[in-house]
Student: 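Below is one structure. I have some questions about it.
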Amino acid sequence: MSHLHAWLVAVDWIPWLLGPPLAHATLAFLLGPRLARLLALPVLVLGLVAASGLALRVLELGPQVHALGGWGAPLGIELYADGLAALMLWMTAAIGLAVGCYSLAFFSADDRRGTYFWPLAAFLIGAMNALYLSADLFNLYVTLELMGLAAVGLVALSSGAAALAAALRYLLAALLGSLLYLLGVALVYGNQGSLALAGLSLEANLLSSLIIALMTLGLAIKTALFPLHFWLPPAHGGAPAPVSALLSALVIKASFYLLLRLWFELFLPAINLPAAQFLGLLGAGAILWGSWLALQQRELKMLVAYSTVAQVGYLFLLFPLASFAPGAEAAWNGGVYHALSHGFAKAAMFLVAGAMLFAAGHGEIRRLGGLGQQLPLGMFTFALASVSLMGLPPSGGFIAKWLLLEAALASGQWWWILVMMVGGLLSAAYLFRVLRQAFLPTPADTRFRRPPAMLVGSAFLLSLVALGLGLWANGTLALLRVGAPFTEMTP
Amino acid sequence: MSGGAWLPLLVLASSLFAGLIIFALPEASQRLRSSLNLAAALAKLGLVAMMLWGVYLGQQYEARYTLMPGIDFVLRADALAMLLVTLSAVLWLFTTVYAIGYLEGSPHRSRFFGFFSLCVTATMGLALAGNLFTFFMFYELLTLSTYPLVVHRGTGQALRAGKLYLGYTLTGGAVLLVGIIWLHGLAGNVEFVHGGALSNLDPALHGELVLIFILLIAGLGVKAALVPLHGWLPVAMVAPAPVSALLHAVAVVKAGAFGIVRVVYEVYGIEFAADLNLLLPLAVVASITIVYGSLRALSQNDLKKRLAYSTVSQVSYIVLGTSLFGPVGTIGGLVHLAHQGIMKITLFFCAGNLAETLHIHRVSEMNGVGRRMPWTMTAFTIAAFGMIGVPPMAGFISKWYLGLGALNSGMDWVLLVLVASTLLNAAYFLPVLHAAWFKPQQGPWPEEKPRGQFETSAWLLLPPLITAALTIAVGLFAALAISPLEWARIITLREYVR
Amino acid sequence: MTGGLFYAITGVLLFCLGLYGFIQHAHLLRRILAFNIMGSGCFLVLVGLAQRGGQVDPVPHALVLTGIVVAVSATAFALILMRQLYVESGHCTLPGEDEES
């Protein structure tokens, strides 16, 4: 055991997080789905090993730097991983593996969608890994764009005009977001003459405000912050289940991660209270409006998609709570923890929703009665994921809520407490619309098909991770502290 | 003295793993499921007995795990915890027996018994919780594990009741959570300790502490069914009888009442709570609940609803005892925690027997039922007399100590509440008894289901008879070392003498 | 006003023009063109602002080259999606958006 541990810490895992998924993507595209399926599991397992190794390495040795191809900054590209990046990488790898297992069963070998799914999904994972490891603003732009294009391609997998429209809507929003971000990058470079995230810091002046506004707006569009969420529900709700899981759990977290980095490493000196409160206000709007719309949905996957709109709101409460002491560290931890636990819970929920759709042949919530008997483990998975999304113990969502509430109380911003309480109750209200179906009899006109065991199994494992995040918070938070902007505040 | 960490963990595990295995069992394997259920209940009872003995000898069992920096997950078996733990372990065994008989041949039993076991695990957990954080974890787990039991039948009425139940309890939970985190911010990791830990805080914080107290009591008051937060309880009685029995006697309402006891004695400390002038308002709320619940019970024709309002009223005796400053009142409140459970579970068992065997749901249908089901009605009568407070039964002991406690703490008006409540108890129970025993039967029973050689199945008959016998025994043998009263004395001693 | 600043301000104006078109138009081809104008504006800002001190800075050129590659790929992708949408639905606008606006 200690041997394995020493080996995990000794290896420089960073290249292993980039090479294999990108190679897999290329090979899958060139050589077709049969080989892609064959390679999928080894590559994804390798990804999880590499991400776990990197997390362990960061935890024990501190933040890691890797000069790509031996060329360091400013000429080459320097990669950087601290605790936050390691956690996001681990989440990507773990969810990626589960979604991969699910997709092997979901897309049959001769499914047309599968042909494109494997290269695109591998590209998506590679691009996200690259984003988390990037340490300069332009590199971040490129990875953001790569990720966005792969994600749009995945949305377009479902055939039909509706899917294409959803994909185009998503593409336009993503392009707009990245151009706004790119203009911000250009202004930063003009102002500071450097792009490396580490050495940069903005002063409080008009230009800085413009930069902050541009970059924040661009990334808020990509993260689907209310009221810029219009593109998310059709894209996430209409895509095939494994794609929805990847998009809802991971892709929006990547742009959020970038915003988090920028805000607390670049923007912080130039931030004023109203700006932070405004972002929080939009977050509150997302929580309330997203939950309200989730309550109105008839289709299961649309309900889950609107739940994502609502849950994104909690992420943005981080900004008013963590920008000013006291309570900043708790808020930072809570926000990141929410991103993590939402990732696992939402991935589990979308995957199991796909299994339910497969079993019932339709997604109309009112007619899902009887699933409790036909798909007990599936319903249980949905319930576990719901517990985390509602922020009830024991779950990662509860830890996140606890930390955010603690921050709100410590800084006296009680209005966010009200928002979080109401948001939690609303999420219970819309999630129990599905859960109550478990106790209803089967409608007469419904014939169930038994889904492959892998569909429910992989979702179940993800929901267990969401639960486990609530029980092993100590280690996770310790990793998050490595290189965090608030370590100096810890007593 | 420390007795190790494994015993409290095993107590939880015995029902947790039983529950998880039962979920996985196929619906048809009835014999295996029942044996597993009973084995788990007996194993738990054995473990609890061991732990009880250890605690009696002054040992402390503690399991601790750091969940987040500054926040521990703590299970600790102290005297107060053991009161609820023992009560739940004993009553779980009887309820399991009863539920096996009650649900014979009905669908979804794996699901039912799985959540049933989870529910008991949650109750045990919150009894053993060593701080507010741990308590909250199990408090919410209890909400989630009882919801499937409330809506078990899957009828529209059950689902509506479930919705209301969730609405009340989740809101209460959210309020409680804010109170807990607020307190955590002021005082750090608040462990339950005898006499409380807050009295040495800066007096400037006392205003905030009062607000936090209100939040905590409001959050807990939902489950304890304090008026005006009681609305879910009478509606939730659509659940199957064993669930109502569990909800009303050990699990949900007790969780609320027990939490209030913990907050008053071991978070704030009774003296500090008295200094902050928190006890009188609490006593007033409890008194209002007692009288209001009894008044509403009077007008209910549905038997289970009448019993539910009676619970609203009776559980507040515990809160009332808690708010009486002085050891005697404390004993009264604590002992009622056990007594109310034993009596109320008997009543619900009997109501379930009537419904299952003769399809009687209303008080107006009960004429002459005493001759058709004498044993069931005997148990019912004993428990009802106990509730009214007729000596030497359980309820009498509770009321006696509550009254003395009220006099000792200078709240003489509480005596009036007790008298009024006793009269009302009599007013809503005696007509039922009179109808059952002395009125002639009117027409045939709505629907008769023959079950076994006795008046009903033995699985259904034995539990209420035993708990009825317990109702008398705890009163008659109140002076014995193993009685709830003596145990309440031990707790009180450890609470006041520091 | 130095030449560099002039280019940068022109770039910002182009960006704003493109943004206006991007939001204003419903026809997808126009929106894709508007996106390209926005991109060009960005690149102009990058190159223009790097002219400070009279010395040529190679970094922005490398960045702009990369940026152009990204923009071209995105444009190609958008065009093919648009064409596919036209094949499937017979419209070159997103549902719910009117071409006349």
Side-chain angles (χ1 to χ4, degrees), chain A residues 326-327 329-330 333 337 369-370 372-373 376-377 379-380 383-384 386-387 390-395 398-399 401-412 414 417-418 420-425 427-429 432-433 435-441 470-478 481 490, chain B residues 20 23-24 26-27 65-73 107-108 110-112 114 122 125 133-141 143-145 147-156 158-160 162-163 166-167 169-175 177-186 208 212:
Chain A
E329 196 194 352
N333 287 343
Y337 222 88
Q373 287 88 58
L377 189 63
M379 214 61 199
F380 195 61
L384 283 184
S386 303
V387 166
M390 290 183 243
L392 293 179
S395 71
F398 172 62
I399 302 287
K401 196 176 189 178
W402 175 285
L403 288 166
L404 286 172
L405 283 172
E406 195 179 313
L409 279 161
S411 57
W414 52 267
I417 300 173
L418 282 182
M420 280 187 262
M421 280 174 67
V422 174
L425 294 176
S427 63
F432 269 100
R433 285 184 59 212
L435 292 175
R436 70 200 287 273
Q437 303 296 328
F439 305 97
L440 290 177
L471 300 174
W472 284 277
N474 218 6
T476 320
L477 289 174
R481 267 197 300 280
T490 2
Chain B
L20 293 180
F23 276 129
E27 193 61 38
Y65 165 74
T66 304
L67 197 79
M68 279 193 272
I71 293 177
D72 285 357
F73 175 87
H108 314 314
S110 277
R111 182 180 84 201
F112 179 88
F133 176 81
T134 317
F135 180 87
F136 182 77
M137 285 185 76
F138 287 107
Y139 192 78
E140 292 293 61
L141 187 64
T143 304
L144 294 176
S145 57
Y147 171 78
L149 299 178
V150 171
V151 300
H152 179 73
R153 290 211 169 109
T155 58
L159 283 164
R160 273 194 300 281
K163 200 182 213 175
L166 276 182
T169 47
L170 288 179
T171 312
V175 171
L177 180 64
V178 172
I180 291 175
I181 295 179
W182 195 348
L183 193 61
H184 190 265
L186 293 186
E208 282 186 57
I212 294 172

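Every chain is numbered from 1 and lettered A, B, ... according to where its sequence line falls, protein lines coming before strand lines. Keep in mind the model is a prediction, meaning the values are calculated, not measured.
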Student: Under 4.5 Å heavy-atom distance to chain B, tell me which part of A/Ala438 shows up: side chain, backbone, both or neither.
Tutor: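 When you check distances to chain B, only backbone atoms of A/Ala438 fall under 4.5 Å.
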Student: Could you tell me whether the side chain of A/Arg436 reaches within less than 4.5 Å of the side chain of B/Tyr147, counting heavy atoms only?
Tutor: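 Of all side-chain heavy-atom pairs linking A/Arg436 with B/Tyr147, at least one is under 4.5 Å.
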Student: Can you sort out the partners of B/Phe135 under ring-ring contact (aromatic ring centres under 6.0 Å, His included), two or more places apart, ordered by chain and number?
Tutor: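 If we apply the ring-ring contact (aromatic ring centres under 6.0 Å, His included) test to B/Phe135, skipping adjacent residues, the hits are B/Tyr139.
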Student: Mind checking side-chain contact (heavy atoms from CB on, under 4.5 Å) for B/Leu186 and listing every partner two or more places apart, or none if nothing turns up?
Tutor: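 Partners of B/Leu186 by the side-chain contact (heavy atoms from CB on, under 4.5 Å) criterion, ordered by chain and then number, come out as B/Trp182, B/Leu205, B/Glu208, B/Leu209, B/Ile212.
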Student: Does any non-hydrogen side-chain atom of A/Asn474 lie less than 4.5 Å from one of B/Tyr65?
Tutor: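 In short, these two side chains do not touch, never coming nearer than 4.5 Å.
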Student: Where on B/Leu67 is there a heavy atom nearer than 4.5 Å to chain A: the side chain, the backbone, both, or neither?
Tutor: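 Answer is both: backbone and side chain atoms of B/Leu67 are under 4.5 Å from chain A.
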Student: Taking atom CZ of A/Phe439 and atom NE2 of B/His108, what is their separation to the nearest 0.5 Å?
Tutor: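 The distance works out to 9.5 Å.
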Student: What part of B/Pro107 lies closer than 4.5 angstrom to a heavy atom of chain A: side chain, backbone, both or neither?
Tutor: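 Nothing of B/Pro107, per the 4.5 Å heavy-atom cut-off to chain A.
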Student: What part of A/Leu405 gets closer than 4.5 Å to chain B, counting heavy atoms only: side chain, backbone, both or neither?
Tutor: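 It is both, since atoms from each part get that close.
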Student: Classify the ring geometry of A/Trp402 against B/His184: parallel below 30°, tilted from 30° to 60°, perpendicular beyond 60°.
Tutor: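 A/Trp402 vs B/His184 ring planes: perpendicular.
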Student: Please step through side-chain contact (heavy atoms from CB on, under 4.5 Å) for the pair A/Leu471 and B/Phe73, ending with a clear verdict.
Tutor: CA-CA 9 Å; A/Leu471 300 174; B/Phe73 175 87; over 6 Å; no
Student: How far apart are the closest heavy atoms of B/Leu144 and A/Val387, and which atoms are they?
Tutor: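 Minimum heavy-atom separation between B/Leu144 and A/Val387: CD1-CG2, 3.7 Å.
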Student: Examine whether an atom of A/Leu377 lies under 4.5 Å from a heavy atom of chain B, and if so say whether it belongs to the side chain, the backbone or both; otherwise answer neither.
Tutor: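 For A/Leu377, no heavy atom lies under 4.5 Å from chain B.
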Student: Could you check which of B/Arg153, B/Glu140, B/Met137 has the highest count of heavy-atom pairs closer than 4.5 Å to chain A?
Tutor: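 Winner by heavy-atom pair count: B/Met137.
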Student: In Å, rounded to the nearest 0.5 Å, how long is the span from CG of B/Leu170 to CZ of A/Phe432?
Tutor: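 The CZ atom of A/Phe432 is 6.5 Å from CG of B/Leu170, to the nearest 0.5 Å.
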Student: In the structure I gave you, are the side-chain heavy atoms of B/Phe23 and A/Pro376 within less than 4.5 Å of one another anywhere?
Tutor: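 When only atoms from C-beta onward are counted, A/Pro376 and B/Phe23 do not touch, as no gap falls below 4.5 Å.
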Student: Looking at chain A, which one of B/Ile181, B/Thr155, B/Thr143 has the largest number of heavy-atom pairs inside 4.5 Å, strictly under?
Tutor: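 Ranked by contacts with chain A, first place is B/Ile181.
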Student: Report the option among A/Ile399, A/Thr476, A/Ile417 that has the most heavy-atom pairs separated by less than 4.5 Å from atoms of chain B.
Tutor: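 Among the listed options, the one with the most contacts to chain B is A/Ile399.
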Student: Any side-chain heavy atom of A/Leu403 sitting closer than 4.5 Å to one from B/Met68?
Tutor: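 Result yes, sub-4.5 Å side-chain heavy-atom pair found.
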Student: Could you tell me which portion of A/Val422 (side chain, backbone, both or neither) has an atom closer than 4.5 angstrom to a non-hydrogen atom of chain B?
Tutor: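 Contact with chain B is absent: no heavy atom of A/Val422 under 4.5 Å.
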Student: Which atom pair, heavy atoms only, marks the closest approach of A/Pro441 to B/Gly154?
Tutor: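 The answer is CD-O, 4.5 Å.
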